[in-house]
Amino acid sequence: MLKKLSIYIKQYKKYILLVPVFVFLDVLCELSMPLLMARIVDQGIPAGDMAFIIKTGIFMVMLALGAIFFGVLNMKFSTTGAIGFAANLRSALFEKVQKFSFNNIDKFSTASLVTRLTNDVNNLQVTFIMGLRLLTRAPMMLVIAFFLAYRINARLSIVLAIAIPVLVIGVLSIISQAVKRFSIMQEKIDNINRVIQENLIGIRVVKSFVRADHENTKFRNANDDFTNSAIRAISLAILNMPVMMFVMNAATIAIIWMGGKMVSTGIMGTGELISFISYIFQILFSVMMISMMIIMSARAEASSKRIIEVLDTDIDIVDNPEFALSATLEGNNPALVPAAGEQDCPQVTAGKVEFKKVDFKYSLTGSGEDVLRDVSFVAEPGQIVGIVGGTASGKSTLVNLIPRLYDATAGAVLVDGVDVRDYRLPDLREKIGVVLQTNTLFSGTIRENIMWGNEQATEEEVVTACKDAQAHDFIMSFPNGYDTVMGQGGVNVSGGQKQRLCIARAILKNPKILILDDSTSAVDMATEARIREAFYHNLADTTIFIIAQRISSVQDADKIIVLEDGCISGIGTHAELLQNNEIYREINSSQQEGVLGQ
Ligand SMILES: Nc1ncnc2c1ncn2[C@@H]1O[C@H](COP(=O)(O)OP(=O)(O)OP(=O)(O)O)[C@@H](O)[C@H]1O
């Protein structure tokens, strides 16, 4: 696990290697002081030698300043290394998640991915900072202090030779139990984060359904659960303290008793006894630090596992290996180089779409049943293809297979005669504009949002796309026009306006294939008709798929696909389907009745 994560230390290696050096110097300065103090007490004071006392005192001050200096340096280097490591790890996770297919994202859930990228990485960062310092400092302190104590008085150090193993065994047996409890606690934090994130993402739904009380209870339960597991873990971990105090006090009493006798018989000086006792404190303090680090490492281990799980996930939708972009890492900047020559990679040129006996099922999150079965059709370049069908009939799933948001389980989806799996993903997706059912706008201005898919677009192209999407007029009605700043997720525009902005964004990509998944549902019928009109005139070369609930949205389409329960029940024009497709006729007449009823 450590090996896997160590590659993210990369350019911070030198900082990390310097930490033990400065820790060593810091420890040397700190541990030399009791020796000097012993000299003052045993030699300077009895002889009344003020010059010796002042000289040794100044030396002690210099050592104290040295300890502070080296302490600050090792803190600086360990913090820089840890923060840099965490930044690299976060970037690697973010880049990995960018490559995730929808299937991969479905497996982890968005909330859990956010926790892993934030909370878990922070956990590692904190443990890293502490660990780098403490795990070098504490063992050095332990060994050197023991050595110095031994040099002062070998017989007295027998007490330490007994006390340290007793302490280590006592502390480790407590910690081994506490570690299990801390791992459980980490899972509970995950649960709390999930509840918070779900609530905040869906806060509007919660408010509109007046479910705040229900959400409060859900949060309270998760919070109580976490609190209980934290108390269980911490109440065990704090047992460390009395065990340590007991051993420490027993050792101190034994040393004062034995040392006192030695001082009274002149075998040992008073100063030596005082410095011996201060070494006991240093040694026992080191053991305490090590035990703290073990507890922190247990939490970090749980986080590491969760992070590595993301990094090790096999991405199920990847480029054809022949044309795949391979990353050449230079420093921190991966340069993407196609394995095959650029000219050999297939490109989308016309926008013909063909489904050949396609089956599909959601392998990770689905019920195990095929959601699409034996779907075959052809959409010629420039055609408008409507897709209608009952709810959950598989309409969104079908169009998701074109830009490879998911891959067909059987059969093939071809674009311009080439299997979509044989394209390089960027080449395929750059030519496909998608307006999904759930629209997303990003924080930034309206212009930035529209240009999101095509940063090179001119102002004129932006305006034309917005005019085609019937968005220009309402954008201009805002005081700041195209420079209006969008709230997070587009909160300051209506649902219908948001849909039109998303359509404009997709049109600006100048796609060969445009997919509109129920993306005019919040737009009134007259505006929708004008959008369709613009498609006919201005996007004549683009193959357009329109998924719609309203027959009026697709009745002018060149071809309409009727889906029922994952299968194609009919394909044809509006007139043809009215004649020969029972389901289409039913949908049509129910909507006609609805209109007449109004
Ligand atoms: N990510 C997913 N994981 C598992 N099952 C899914 C997923 N997305 C959709 N499904 C299932 O696949 C089936 C088809 O869903 P799909 O969204 O394609 O239908 P649809 O015709 O577009 O529905 P609607 O008109 O309500 O949007 C449904 O039974 C749905 O529960």
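Both counts, for ligands and for their atoms, begin at 1 and track the order of listing.
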Is the closest basic N to carboxylate O distance between K218 and E215 below 4.0 Å?
yes

Hey, are the side chains of T313 and F108 touching, using non-hydrogen atoms and a 4.5 Å cut-off?
yes

Near V371, which atoms of ligand 1 are under 4.0 Å from a heavy atom of that residue?
12 (O), 13 (C), 14 (C)

Which ligand 1 atoms does T397 reach within 4.0 Å, using its non-hydrogen atoms?
14 (C), 15 (O), 16 (P), 18 (O)

Please determine whether a side-chain nitrogen of the Lys or Arg among K99 and E95 lies less than 4.0 Å from a carboxylate oxygen of the Asp or Glu.
no

Taking only residues two or more places apart in sequence, or in another chain, which ones meet D225 in a side chain to side chain donor-acceptor pair (under 3.5 Å)?
K188

Can you sort out which atoms of ligand 1 are near Y406, meaning under 4.0 Å from one of its heavy atoms?
1 (N)

Quick check on contacts: which atoms of ligand 1 are under 4.0 angstrom from a heavy atom of S393?
19 (O), 21 (O)

Enumerate, atom names and distances included, each donor-acceptor pair closer than 3.5 Å involving a side-chain atom of residues 374-388, sequence neighbours excluded.
| unit_1 | atom_1 | unit_2 | atom_2 | d |
| --- | --- | --- | --- | --- |
| S376 | OG | K357 | N | 2.8 |
| Q383 | OE1 | E380 | N | 3.0 |

Any atoms of ligand 1 less than 4.0 Å from a non-hydrogen atom of G394? List them with their elements.
14 (C), 18 (O), 19 (O), 20 (P), 21 (O)

Donor-acceptor pair between N104 and S101 side chains, under 3.5 angstrom:
yes

Per-atom filter on ligand 1: closer than 4.0 angstrom to a heavy atom of T391 are 24 (P), 25 (O), 26 (O)

Under 4.0 Å from a heavy atom of Q549: which atoms of ligand 1 are those, numbered in the order shown and with their elements?
25 (O)

